[in-house]
Amino acid sequence: MSRYSAAEIEAKWQDAWDKAGLFRATRSADKPKYYVLEMFPYPSGRIHMGHVRNYTMGDVIARYKLATGHNVLHPMGWDAFGMPAENAAMASGGHPKDWTYSNIDDMRAQMKPLGLSIDWSREFATCDPEYYGQQQALFLDMLEKGLVYRKNAVVNWDPVDMTVLANEQVENGRGWRSGALVERRELTQWFFRISDFAEDLLEALDGLDNWPAKVKLMQANWIGRSRGLQFAFSLIDGPEGHDRIEVYTTRPDTLMGASFVGVSPDHPLARQLEKDNADLAAFNAECRRMGTSEEELEKAEKKGFDTGLRVRHPFDTSWELPVYVANFILMDYGTGAIFGCPAHDQRDLDFANRYGLPVVSTYEPETPEEGFARPEDSGIAYVPPKSEKVRYVKGFAGDEVQTGEQAIDAAIDFCEANGVGQGVTKYRLRDWGLSRQRYWGCPIPVVHCDSCGVVPEAKENLPVRLPDDVSFDQPGNPLDRHPTWRDCTCPACGKAARRETDTMDTFVDSSWYFARFTAPRAETPTDMAEADYWMNVDQYIGGIEHAILHLLYSRFFARAMHLTGHLPAKAVEPFDALFTQGMVTHEIYQTRDANGRPVYHLPEEVEDGKLKATGEAVEVIPSAKMSKSKKNVVDPVTIIEEFGADTARWFVLSDSPPERDVEWTAAGAEAAYKHLSRVHRIVTEIAASDAPANDHDEALLREMHKAIHDVTGGVESFGFNAAIARLYAFTNTLSKSQAGSDARRQAARALVKLMSPMTPHLSEELWAALAQEGLAAEAAWPQADEAMLVDDTVTLPIQVNGKRRAEISVPRDMDKAEVEKQALAADAVVKALDGAQPKKVIVVPGRIVNVVI
RNA sequence: GCCCAAGUGGCGGAAUGGUAGACGCAGGGGAUUCAAAAUCCCCCGGUAGCAAUACCGUGUCGGUUCGAGUCCGACCUUGGGCACCA
């Protein structure tokens with residue numbers, strides 16, 4: 001009997017699938033369609049275990065759906081624009097295009113041995129001119145519909161390299177290459193009007209029944225709808241053109257506790273004042289040196305600058321409040337100005353304490369606990385949940401007990417009635433800035449004409465191709481310094497004009513690729529007949545790190561594509577079901593160099609806690625996401641060479657729930673391989689035995705139907721690890737079953753088919769060994785017989801006061817009274833009762849009995 | 001700082017509010033073998049006990065319930081995101 005040799009069988013069956021054209025997707029009215037998609041990879045050059053896990057999960061679904069009679073679309077492509085290609089070009093002198101396409105070739109070659117059921121005929125990369133040209137067409141349609149516009153926005157500016165930096169290129173406020181202090185600089189940039197869709201994007205989350213609740217919650221919080229009051233403080237002796245400061249607050253109920261007004265350093269008033277005030281100009285400049293990330297702003301020490309100006313309180317014209325410029329106020333949110341109520345906001349309180357401003361409580365606990373002190377005295381802001389009842393001591397309606405929510409509504413009503421501002425709904429969601437001052441991205445298809453201004457490129461001139469002759473020997477955008485590329489003619493007037501040199505955010509590329517997969521070679525962004533047939537994506541699978549931005553942008557794009565006639569109405573929510581998978585992690589092995597600095601070692605260099613080469617002991621750091629810098633990576637290619645793709649697939653599915661991180665361990669991979677070898681041995685033995693069909697093995701058939709039921713449920717609900725545990729148990733049962741029974745062959749067939757989505761090559765091999773016709777991949781999924789799933793007798797645990805004390809075996813449908821009688825007769829129960837009557841007996845049919853004494 | 005999630009044996013984990021630890025790894029014992037590899041069988045949360053069994057046990061503290069890993073509140077730790085990384 002031949003041993004299990006993955007290397008021999010895997011290539012053979014991949015070839016067979018290929019020849020049969022099994023995974024080519026074409027429209028068909030005969031079968032229901034099923035579109036399964038994994039988030040496409042960035043072509044870094046090597047596939048990693050995270051990819052293997054992601055695509056294996058998608059493949060299990062795709063193969064399962066194929067077996068259950070669906071017309072499956074399962075495509076793959078490359079998210080190919082982005083900074084790493086330019087960084088590589090700067091570091092080693094090549095061209096981003098060559099680097100990217102060569103990486104794609106490498107990764108495709110690494111991916112193919114996994115035996116994924118992908119329709120490779122649909123493959124594309126977002127850096128293909130055929131793709132980004134269609135993206136430019138989409139952009140022009142969106143521009144025409146008013147979904148794109150230009151405005152000023154701040155970027156991280158490296159004054160030494162004279163270039164724009166991404167947030168991740170800023171380290172401790174300095175440029176990662178130059179080390180120069182980064183400044184904020186304002187540029188005119190393109191924006192998508194995603195905020196116009198805020199309400200729709202929020203409301204529609206309710207309909208996404210097959211999305212994880214946490215992702216919907218994160219998106220809802222990101223969109224951040226709030227109800228508040230917008231009103232103005234009148235400014236006393238303000239500079240020319242500034243007689244009031246418009247503020248937005250979600251807590252108008254605390255207006256009578258206001259003690260200062262703050263404006264952003266980028267607020268028009270701050271900008272006006274800094275012209276005549278060198279100190280303020282210095283303060284603002286300091287603020288503008290901070291990074292642009294919200295995290296950095298929130299964590300920074302809260303600082304303010306007293307402008308010396310005063311405003312009048314809207315409800316008491318004799319009450320004057322100082323106006324500060326403060327570093328924690330965002331110009332992008334609300335009006336860029338706030339009022340501070342230190343008593344009920346810790347940040348405002350810290351600020352007030354720092355600058356000697358008054359603290360005035362507007363409410364206090366309804367019934368103050370022992371030791372409660374007002375913020376005025378305690379230095380701790382009193383911030384109860386908005387739903388909690390509090391006593392207002394300085395509200396609008398006198399001394400009253402109500403919840404914050406009620407008080408906010410009442411305050412808005414009161415202010416509106418008194419002519420102080422109006423209630424408004426605002427969103428935290430900002431418009432999406434898509435301009436990037438970089439080469440390796442999709443060119444924004446517009447030109448700048450001295451006569452006509454900003455003019456869209458004519459569609460017949462698309463794609464606006466990236467020039468190949470560029471150099472990366474200096475920082476900044478090569479398109480800016482290209483001698484001829486910028487020169488063009490104005491599509492409107494025909495005069496000489498300049499091309500826009502900014503390219504698009506790579507998030508744009510990934511916001512519609514799922515639609516392009518439905519007709520990847522179409523001469524328009526999509527083909528409506530194909531899109532109408534294949535959309536929506538029935539199952540989308542990817543990392544939780546994309547829970548907000550990528551998914552929100554894609555939802556916006558689907559809406560925009562519908563408005564511009566590129567997607568049907570049903571596709572405005574493009575992903576019917578979403579699954580977010582965890583990462584693949586590994587232990588980190590570290591030693592220290594002479595200076596005590598850590599030196600990392602690859603897992604393959606380590607054995608039994610020691611370096612193979614020198615025998616030096618390594619320090620083991622707990623599992624973390626696989627990363628090159630920590631060297632805790634296991635290359636899937638190595639694993640496939642050693643054990644085969646089926647082992648890698650089986651292992652990444654088996655050890656952890658799919659939504660959680662899985663730790664790669666050599667022992668685990670070994671165990672997976674051993675198990676597959678065992679299945680190979682057991683099934684080939686059964687296939688080879690020609691013992692006559694004899695006894696009908698009822699128990700084995702029952703186990704088989706239970707396994708079919710459980711594994712099917714596991715696959716459908718992303719319980720892959722549980723499904724695999726079930727397959728282990730079923731394999732054990734099969735292994736111990738009586739030789740020669742017909743049931744045994746039947747059970748072996750079921751096992752092979754149930755495993756086929758996870759270990760497709762092994763299953764094909766065993767399917768053939770069992771002399772089954774056709775390919776296992778095409779064979780119908782087994783059906784569980786409901787009647788075989790339930791046993792006639794059940795074992796009921798008997799609890800006394802919630803603690804298990806005994807168990808009884810009873811017919812499954814025995815009535816409650818009889819079950820209770822038998823339970824009370826159990827030795828342990830009689831002993832516990834000691835002659836007394838139970839207070840209560842709870843019988844949960846088929847599950848448990850609890851006797852309460 | 002803000003938003004979201006997760007914490008269960010030596011390890012990965014299982015468990016519609018109903019016998020906590022399925023299944024796998026590691027470990028221990030045994031069979032087979034001249035020996036090994038491979039394979040097969042048994043044991044395997046802690047404490048006490050020869051045992052039957054008893055008590056304790058799902059990050060911490062409290063609550064709801066006949067019954068809580070599961071639901072509620074507070075806290076701790078770890079991970080993801082924070083708008084120019086992909």
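Chain letters run A, B, ... following the sequence lines, proteins first, then strands; residues in each count from 1. In this text, all values refer to a predicted model and were calculated from it rather than measured experimentally.
Across all strands shown, A/E301 has no heavy atoms under 4.0 Å from either base or sugar-phosphate atoms. When heavy atoms are screened at a 4.0 angstrom cut-off, A/K839 is found touching no nucleic acid atom at all. Backbone-only contact: A/K214 has heavy atoms under 4.0 Å from sugar-phosphate atoms and none from a base. If you check every strand for non-hydrogen atoms under 4.0 Å, A/R428 touches a base. When heavy atoms are screened at a 4.0 angstrom cut-off, A/F507 is found touching base atoms of the nucleic acid. Residue A/H675 is out of contact with every strand shown, counting any heavy-atom pair closer than 4.0 Å. Residue A/S435 is in base contact, counting any heavy-atom pair closer than 4.0 Å across all strands shown. Contacts of A/G668 with the nucleic acid, taken as non-hydrogen atoms under 4.0 Å apart, are absent. Using a 4.0 Å heavy-atom distance criterion, A/A667 is classed as a sugar-phosphate-only contact. A/W432 comes within contact range of no nucleotide atom at all, as no heavy-atom separation falls under 4.0 Å. Residue contacts shown for A/V841 are absent, as no nucleic acid heavy atom lies under 4.0 Å away. Residue contacts for A/L429: at a heavy-atom cut-off of 4.0 Å it reaches a base atom on one of the strands shown.
Using the six-membered ring where Trp is involved, A/Y131 and A/W512 have ring planes that are parallel, under 30° apart on the 30 and 60° scheme. Note: A/Y132 and A/F81 have tilted aromatic rings, judged against thresholds of 30 and 60 degrees for the angle between ring planes. Aromatic ring pairs are classed by plane angle as parallel below 30°, tilted from 30° to 60° and perpendicular above 60°; the pair A/Y513 and A/Y540 is tilted. Ring orientation note: the planes of A/H51 and A/Y55 are close to parallel, at an angle under 30° on the 30°/60° scale.
Stem analysis of RNA chain B (at least three stacked-register Watson-Crick or G-U pairs, each with both distances under 3.5 Å) gives B:1-7 with B:76-82, B:10-12 with B:23-25, B:27-31 with B:39-43, B:45-48 with B:53-56, B:59-63 with B:71-75.
Projected onto RNA chain B by closest heavy-atom contact, A/P84 and A/M218 fall at different nucleotides, the more 5' of which corresponds to A/M218. Comparing A/Y553 and A/E298, the nucleotide of RNA chain B nearest to each residue sits closer to the 5' end for A/E298.
A/H550 places its NE2 atom 14 Å from the P atom of B/rC82, with the value rounded to the nearest Å. One can place CD1 of A/I544 at 8 Å from C1' of B/rA5, the figure rounded to the nearest angstrom. Rounded to whole Å, atom C1' of B/rA83 lies 16 Å from atom CD of A/E545.
As rounded to the nearest Å, B/rC42 and B/rA35 have C1' atoms that lie 24 Å from one another. Comparing the same atom, P, in B/rA20 and in B/rU58 gives a spacing of 12 Å after rounding to whole Å. Across B/rG67 and B/rG17, the matching C1' atoms stand 8 Å from one another, rounded to whole Å. With both ends at atom P, the span from B/rU19 to B/rU64 equals 22 Å, rounded to whole Å.
Put simply, A/R660 has a side-chain N or O that comes within less than 4.0 Å of OP1 or OP2 on B/rA14. Between A/R430 and the phosphate of B/rA83, there is no side-chain N or O to OP1/OP2 separation shorter than 4.0 Å. Phosphate proximity of B/rC56 to A/K803: present, with a side-chain N or O under 4.0 Å from OP1 or OP2. At B/rG67, none of the side-chain N or O atoms of A/N801 fall inside 4.0 Å of OP1 or OP2 (strictly under the cut-off). A/N732 has a side-chain polar atom (N or O) that falls below the 4.0 Å cut-off from OP1 or OP2 of B/rG24. Under 4.0 angstrom from either OP1 or OP2 of B/rG24 there lies no side-chain N or O belonging to A/N721.
The side-chain hydrogen bond (donor to acceptor under 3.5 Å, both in side chains) test with A/Q437 singles out one residue from A/T163, A/D502, A/D480, and that residue is A/D502.
Residue A/A725 places its side chain closer to B/rC23 than to any other of B/rA54, B/rC23, B/rA83. Closest to the A/S656 side chain, of the nucleotides B/rA83, B/rG12, B/rC84, is B/rG12. Taking only side-chain atoms of A/A166, from C-beta outward, the nucleotide of B/rC23, B/rG80, B/rC85 with the closest atom is B/rC85. For A/E295, whose side chain is taken as the heavy atoms from C-beta onward, the closest listed nucleotide among B/rC3, B/rG13, B/rG1 is B/rG1. Distances were taken from every side-chain heavy atom of A/M83 (C-beta onward) to each of B/rC25, B/rC84, B/rC85; the shortest belongs to B/rC85. In this structure, the nucleotide among B/rC84, B/rC25, B/rC82 sitting nearest to the side chain of A/A671 is B/rC25. When the nucleotides B/rG81, B/rG13, B/rC66 are ranked by their closest atom to the side chain of A/P657, B/rG13 comes out on top. Comparing B/rC4, B/rA83, B/rC66 against the side chain of A/K840 picks out B/rC66 as the nearest. Picking from B/rG12, B/rA86, B/rA83 the nucleotide with the shortest atom distance to the side chain of A/D79 gives B/rA86.
Between A/F328 and A/F351, some side-chain heavy-atom pair lies under the 4.5 Å cut-off. Between A/S511 and A/F556, every side-chain heavy-atom pair lies at or beyond the 4.5 Å cut-off.
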Between the protein and nucleotides 17-21 of chain B, list the N/O to N/O atom pairs that are separated by less than 3.5 angstrom.
residue: B/rG18; atom: N2; partner: A/Q799; partner atom: OE1; Å: 3.4
residue: B/rU19; atom: O2; partner: A/R804; partner atom: NE; Å: 2.8

Nucleotide N/O to protein N/O under 3.5 Å, stretch nucleotides 36-44 of chain B:
residue: B/rU39; atom: O3'; partner: A/R681; partner atom: NH2; Å: 3.2
residue: B/rC40; atom: OP1; partner: A/R678; partner atom: NE; Å: 2.9

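Here A/K299 pairs with A/E295 in a salt bridge; the nearest charged N to carboxylate O distance falls below 4.0 Å. Here A/D266 pairs with A/R184 in a salt bridge; the nearest charged N to carboxylate O distance falls below 4.0 Å. Looking at A/E301 and A/R354, a side-chain N of the basic residue comes within less than 4.0 Å of a carboxylate O on the acidic one, giving a salt bridge.
Heavy atoms of other residues, nucleotides or ligands lying less than 6.0 angstrom from NZ of A/K302 number more than 12.
Because its glycosidic torsion is within 90° of 0, B/rG9 is reported here as syn.
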Residue pair A/R251, A/H344: steps toward the side-chain contact (heavy atoms from CB on, under 4.5 Å) verdict: CA-CA 10 Å; A/R251 293 307 298 260; A/H344 307 300; over 6 Å; no
Stepwise ring-ring contact (aromatic ring centres under 6.0 Å, His included) test for A/F720 and A/F718: CA-CA 5 Å; A/F720 301 128; A/F718 276 84; 5.2 Å; yes
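The base of B/rC23 is not paired with the side chain of A/R726 by any donor and acceptor separated by under 3.5 Å. In the interface, the side chain of A/E670 is not paired with the base of B/rC25 through any donor and acceptor atom under 3.5 Å apart.
Using modelled atom types, one finds no donor on one side chain facing an acceptor on the other under 3.5 Å when comparing A/N54 with A/E38. Looking at A/T188 and A/N152, their side chains do bring a donor and an acceptor atom within 3.5 Å of each other.
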